[in-house]
Amino acid sequence: MNLVLPQILTSAAAVTAAGQGWLLAPTASQLEVVASVGASSGDLVGTRVDADGATAGYVMASGQPVAMVPRPDDPAARSGVPGHLGLRPASVLCVPCAHDDDVLGV
């Protein structure tokens, strides 16, 4: 596995004081966890989640970053990796990872 990705994610989580973080890459209609930090981090690499309806899916499709405090009834807060883990995030920061205007992941 690429050793740079977990280092980038660890730095981003530290700077934002995030308890958990994931780097996702597209695979067909899903997003795959390619790096993870925080609780259960090692267990998540390779996990695939649906992109439709998830914040990460929106960022992947639009190329626009999202920072939000999700409402308790927001379905996007219950989807993607947080939904897979049964988490209710207090806040979400999701940014595109792009090269030459191509979004390669989030």
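Not measured: the values here are computed from a predicted model.
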Determine the minimum heavy-atom distance between [X] and [Y], stating which atoms define it.
X: Cys97; Y: Leu23; result: SG-CD1, 3.6 Å
X: Ala13; Y: Val37; result: CB-CG2, 3.9 Å
X: Pro70; Y: Ala90; result: CD-O, 3.8 Å
X: Val103; Y: Gly63; result: CG2-CA, 3.8 Å
X: Ala35; Y: Val45; result: CA-CG2, 4.3 Å
X: Ser36; Y: Leu44; result: OG-CD1, 3.7 Å

ask   = Got a sec, which hydrophobics cluster with Leu93, joining ILVMFWY side chains under 4.5 Å apart, including via others?
value =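 Other cluster members: Val95.
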
query = For Leu104, which fellow cluster members are found when Ile, Leu, Val, Met, Phe, Trp and Tyr are connected by side-chain heavy-atom distances below 4.5 angstrom, either directly or through intermediates?
reply = none

ask   = Rounded to the nearest 0.5 Å, how far apart are OG1 of Thr47 and CH2 of Trp22?
value =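 Atom-to-atom, Thr47:OG1 and Trp22:CH2 are 11.0 Å apart.
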
note = d(Cys94 SG, Gln64 CD) to nearest 0.5 Å is 12.0 Å

Salt bridge (charged side-chain N to carboxylate O under 4.0 Å, His left out) contacts touching residues 44-55 (sequence neighbours left out) =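 Counting only pairs at least two positions apart or across chains, the salt bridge (charged side-chain N to carboxylate O under 4.0 Å, His left out) contacts touching residues 44-55 are Glu32-Arg48.
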
query = Do Val81 and Leu24 have side chains that get closer than 4.5 Å, going by heavy atoms?
reply = yes

